[in-house]
Amino acid sequence: MREPILRAVAMPPRIFLAPFVPAVLNLVIQGAIMFMFIGIFSLNPLVFLTSIFIVHVFLIIVGTREPHMSHMLQAWGVSGPTSSHNIYKSKGVKIAP
């Protein structure tokens, strides 16, 4: 029962050797920009494919130094507010009114 948990922590998901979440974000954002520029300016898609490749190589290099980058990005987006808000105006931060 413990093996899948240890395996998921030890080997985070990857796409072509790059961490999963940054690689997907790279492909989605640059793909959308590529299709917009092709439709508007009739540019050659080879320019965008080289930029996708260069950023992917950068993600591979960064991913070898920090293999859990996907989990760090997901945890960063889920973190909640750091301070509480008062219901009534008063000095200082109070948990109960």
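These numbers come from the heavy atoms of this one structure, side chains and all, not from hydrogens, waters or symmetry mates. In this text, all values refer to a predicted model and were calculated from it rather than measured experimentally.
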Carefully, step by step, assess Leu43 and Phe48 under the rule side chain to side chain contact (heavy atoms under 4.5 Å, CB included).
CA-CA 9 Å; Leu43 289 178; Phe48 293 101; 4.2 Å; yes
Starting from [Y], can I reach [X] by hopping between I/L/V/M/F/W/Y residues whose side chains sit under 4.5 Å apart?
| X | Y | result |
| --- | --- | --- |
| Ile40 | Ile29 | yes |
| Ile61 | Leu17 | no |
| Phe41 | Ile33 | yes |
| Phe53 | Met34 | no |
| Val21 | Val24 | yes |

Side chain to side chain contact (heavy atoms under 4.5 Å, CB included) between Phe16 and His56, worked out:
CA-CA 9 Å; Phe16 302 118; His56 194 78; 3.5 Å; yes
Write down the atom of [X], the atom of [Y], and the distance for their closest heavy-atom approach.
| X | Y | value |
| --- | --- | --- |
| Gly63 | Pro19 | CA-CG, 3.7 Å |
| Asn26 | Ile52 | ND2-O, 3.5 Å |
| Thr50 | Val47 | OG1-O, 2.6 Å |
| Pro45 | Ile38 | CB-CD1, 3.7 Å |

Any chance you could measure Leu27, atom CG, to Ile15, atom CD1, to the nearest 0.5 Å?
6.5 Å
Rounding to 0.5 Å, atoms CG (Leu49) and CD1 (Ile54) come to a distance of 11.0 Å
Answer whether the closest heavy-atom distance between the side chains of Pro67 and Pro12 falls below 4.5 Å.
yes
Between Gln30 and Val55, does a side chain to side chain contact (heavy atoms under 4.5 Å, CB included) hold up when you go through it step by step?
CA-CA 10 Å; Gln30 288 202 31; Val55 172; 3.4 Å; yes
